[in-house]
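Computation of the quantities below employed the complete heavy-atom set of this structure, encompassing side-chain atoms and omitting hydrogens, waters and symmetry-equivalent molecules. Per chain, numbering begins at 1; letters A, B, ... match sequence-line order. Just so it is clear, the model here is predicted, and its values are computed rather than measured.
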Number of protein chains: 2
Amino acid sequence: MQPTGTSEPHRLRSTPSWLLTQTAAHAGRLVSAALDRHHARGYHYRLLAALDDTGPASQADLGRHSGIDRSDIVSTLNDLADRHLVRRDPDPDDRRRNLVSITTAGRRELTHLQQALDTAQEALLAPLDTAQRHELVRLLGILLTHHKAPKG
Amino acid sequence: MQPTGTSEPHRLRSTPSWLLTQTAAHAGRLVSAALDRHHARGYHYRLLAALDDTGPASQADLGRHSGIDRSDIVSTLNDLADRHLVRRDPDPDDRRRNLVSITTAGRRELTHLQQALDTAQEALLAPLDTAQRHELVRLLGILLTHHKAPKG
DNA sequence: GGTGATACGTTGGTCGGGCCAACATTGGTG
DNA sequence: CACCAATGTTGGCCCGACCAACGTATCACC
């Protein structure tokens with residue numbers, strides 16, 4: 001691979017943050033395309049997934065769980081509620097909170113999104129064998145854990 | 001990994017694209033903060049780095065080289081030119097092209113940005129040992145190569 | 001040599017994800 | 001009771017990644 005025409009500067013090619021953001025961009029394109037076919041975006045999936053994992057929860061909790069800002073939760077939830085994939089009921093025990101729960105249709109939709117996502121993962125990781133995939137996930141997991149709990 | 005309080009859904013935690021985009025987000029925050037101290041953004045660094053690597057080049061070539069859209073090259077180059085970090089001269093051999101070259105001040109600025117970025121990389125990769133860092137870079141490189149040359 | 005396709009720089013948008021500030025309401029604690 | 005913290009919501013901002021369109025210039029082909 002000589003400096004033939006159009007490859008990245010080696011300066012960037014060996015910069016971890018560049019590799020990360022670029023690979024993430026590719027991943028994002030695959031994921032967006034997959035979700036788009038179901039008229040959904042990343043936030044929609046994330047919220048449904050979080051909801052399915054935790055059961056009914058307040059919007060603030062959902063936000064913390066999925067890494068989405070409180071304010072972004074609102075509009076995403078509006079979308080999902082409009083399509084009846086989610087229900088928003090006042091929490092009787094704390095009138096500040098909304099108790100958000102996933103509906104049957106929501107769970108069904110989540111299944112579809114999940115399938116689409118799984119396919120996208122496969123496309124993303126195509127050039128890696130099983131061991132490499134696990135190693136990648138492991139390394140990324142270490143980084144993620146480290147940078148989200150800096151207090152330790 | 002028990003459902004302890006406020007961690008991500010395991011569903012997401014084992015999804016490569018999620019790990020990638022989240023880690024990339026953390027990386028992006030570190031990098032942005034580092035560049036911000038020099039009043040620069042990612043595009044500024046990328047362009048300077050590409051320019052320093054390739055030598056004087058047309059905007060289109062710079063775009064291909066750095067993965068930045070032609071249209072975004074324009075405004076970024078405007079910024080850099082305003083600060084005299086870059087020069088834009090008409091290419092005598094092809095009057096469609098601008099020949100963009102990095103100035104001495106630009107090269108000096110690039111050095112500063114590079115130092116800031118190196119520090120950010122270190123912070124980003126802190127929890128990984130040397131072997132793990134290399135492995136991560138290697139795996140990401142494989143993915144990147146694969147997804148940018150789908151013809152192979 | 002003329003003509004049609006292609007490349008270039010530029011303008012002016014769009015979109016998604018990640019943020020932040022502010023405010024009213026409600027809850028807990030001194 | 002007074003105060004502070006949390007919640008939902010509105011309305012904004014930024015950055016990176018794109019896309020369509022246009023005028024100008026160049027190239028390839030007949």
Side-chain angles (χ1 to χ4, degrees), chain A residues 5-6 12 17-18 20-36 39-47 57-79 81 86 88-100 147-148, chain B residues 6 12 17-18 20-36 39-47 57-64 66-79 81 86 88-100 147-148:
Chain A
T6 312
L12 290 180
S17 65
W18 155 271
L20 266 173
T21 50
Q22 289 304 301
T23 323
H26 282 287
R29 278 186 283 269
L30 288 171
V31 166
S32 287
L35 293 180
D36 207 56
H39 314 99
R41 292 168 302 147
Y43 277 11
H44 295 140
Y45 167 76
R46 282 209 231 165
L47 232 47
S58 75
Q59 300 184 187
D61 282 343
L62 282 177
R64 284 182 281 263
H65 217 74
S66 57
I68 302 180
D69 191 87
R70 295 214 304 278
S71 60
D72 298 318
I73 296 273
V74 177
S75 59
T76 308
L77 234 39
N78 287 343
D79 294 347
V86 127
R88 222 184 324 209
D89 307 298
D91 184 338
D93 296 351
D94 186 340
R95 303 214 315 269
R96 290 173 303 179
R97 289 182 163 91
N98 287 336
L99 246 181
V100 183
H147 288 287
K148 103 173 317 213
Chain B
T6 308
L12 290 181
S17 65
W18 155 272
L20 267 173
T21 50
Q22 288 306 299
T23 324
H26 281 287
R29 278 185 284 268
L30 289 171
V31 166
S32 287
L35 293 179
D36 207 57
H39 314 99
R41 291 168 304 147
Y43 277 10
H44 295 139
Y45 167 76
R46 281 210 231 166
L47 232 46
S58 76
Q59 300 185 187
D61 281 344
L62 282 178
R64 283 183 283 263
S66 58
I68 303 179
D69 190 86
R70 297 213 301 280
S71 61
D72 298 318
I73 296 274
V74 177
S75 59
T76 308
L77 234 38
N78 288 343
D79 294 347
V86 126
R88 219 179 334 203
D89 307 299
D91 184 339
D93 295 351
D94 187 338
R95 303 214 313 269
R96 290 173 304 181
R97 289 182 164 91
N98 287 337
L99 246 182
V100 184
H147 287 289
K148 100 172 319 211

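No contact: G67(B) has no heavy atom under 4.0 Å from any strand. Residue contacts for G28(A): at a heavy-atom cut-off of 4.0 Å it reaches no nucleic acid atom on any strand shown.
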Restricting to nitrogen or oxygen on both sides, can you table the protein-nucleotides 6-8 of chain D pairs closer than 3.5 Å?
from	atom 1	to	atom 2	distance (Å)
dA6(D)	N3	R96(A)	NH1	3.2
dT7(D)	OP1	R64(A)	NH2	3.1
dT7(D)	OP1	R97(A)	NH2	3.4
dT7(D)	OP2	R64(A)	NH1	3.2
dG8(D)	OP1	Q59(A)	N	3.0
dG8(D)	OP1	N98(A)	N	3.1
dG8(D)	OP2	A60(A)	N	2.6
dG8(D)	O3'	N98(A)	ND2	3.4
dG8(D)	N7	R70(A)	NE	3.4
dG8(D)	O6	R70(A)	NH2	3.3

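Side-chain atoms of D69(A) and I73(A), non-hydrogen and from C-beta on, never get closer than 4.5 Å to each other. By the 4.5 Å heavy-atom criterion applied to side chains, R96(A) and D91(A) are not counted as neighbours. Using a 4.5 Å cut-off on side-chain heavy atoms (C-beta onward), H26(A) and L20(B) make no contact. Within the 4.5 Å cutoff, the side chain of S66(A) has heavy atoms near those of the L47(A) side chain. Side-chain contact between V100(A) and L77(A) is present, with heavy atoms from C-beta onward closer than 4.5 Å.
Between I73(B) atom CD1 and dC15(D) atom P there is a gap of 17 Å when expressed in whole angstrom units. The distance from atom CG of L20(B) to atom C1' of dG16(D) is 17 Å, rounded to the nearest whole Å. Nucleotide dG16(D) holds its P atom 17 Å from the NE2 atom of H26(A), rounded to whole Å. For the pair D72(A) CG and dG18(C) P, the interatomic distance rounds to 8 Å; values are reported in whole Å. Rounded to an integer number of Å, the gap from CG of D91(B) to C1' of dA25(D) is 12 Å. Per the geometry, CG belonging to L77(A) stands 8 Å off P belonging to dT9(D), to the nearest Å. Atom OH in Y45(A) sits about 19 Å away from atom P in dG16(C), given to the nearest Å. The CG-P distance, from D69(A) to dC20(C), rounds to 7 Å in whole Å.
Salt-bridge formation is detected for the pair R41(B)/D79(B): a Lys NZ or Arg NE/NH1/NH2 atom is positioned less than 4.0 Å from an Asp or Glu carboxylate oxygen.
Contact annotation: Q22(A) reaches the phosphate of dA17(D) (side-chain N/O to OP1 or OP2, under 4.0 Å).
A donor-acceptor contact under 3.5 Å is not formed by the side chain of S32(B) with the base of dC14(D). Below the 3.5 angstrom threshold, one finds a donor paired with an acceptor across the side chain of S71(B) and the base of dG12(C).
For the residue pair Q59(B) / R97(B), no side-chain donor-acceptor distance below 3.5 Å is found, with atom types taken as modelled.
Checking I68(A) against P92(A), the closest nucleotide of DNA chain C that is more toward the 5' end is the one next to I68(A).
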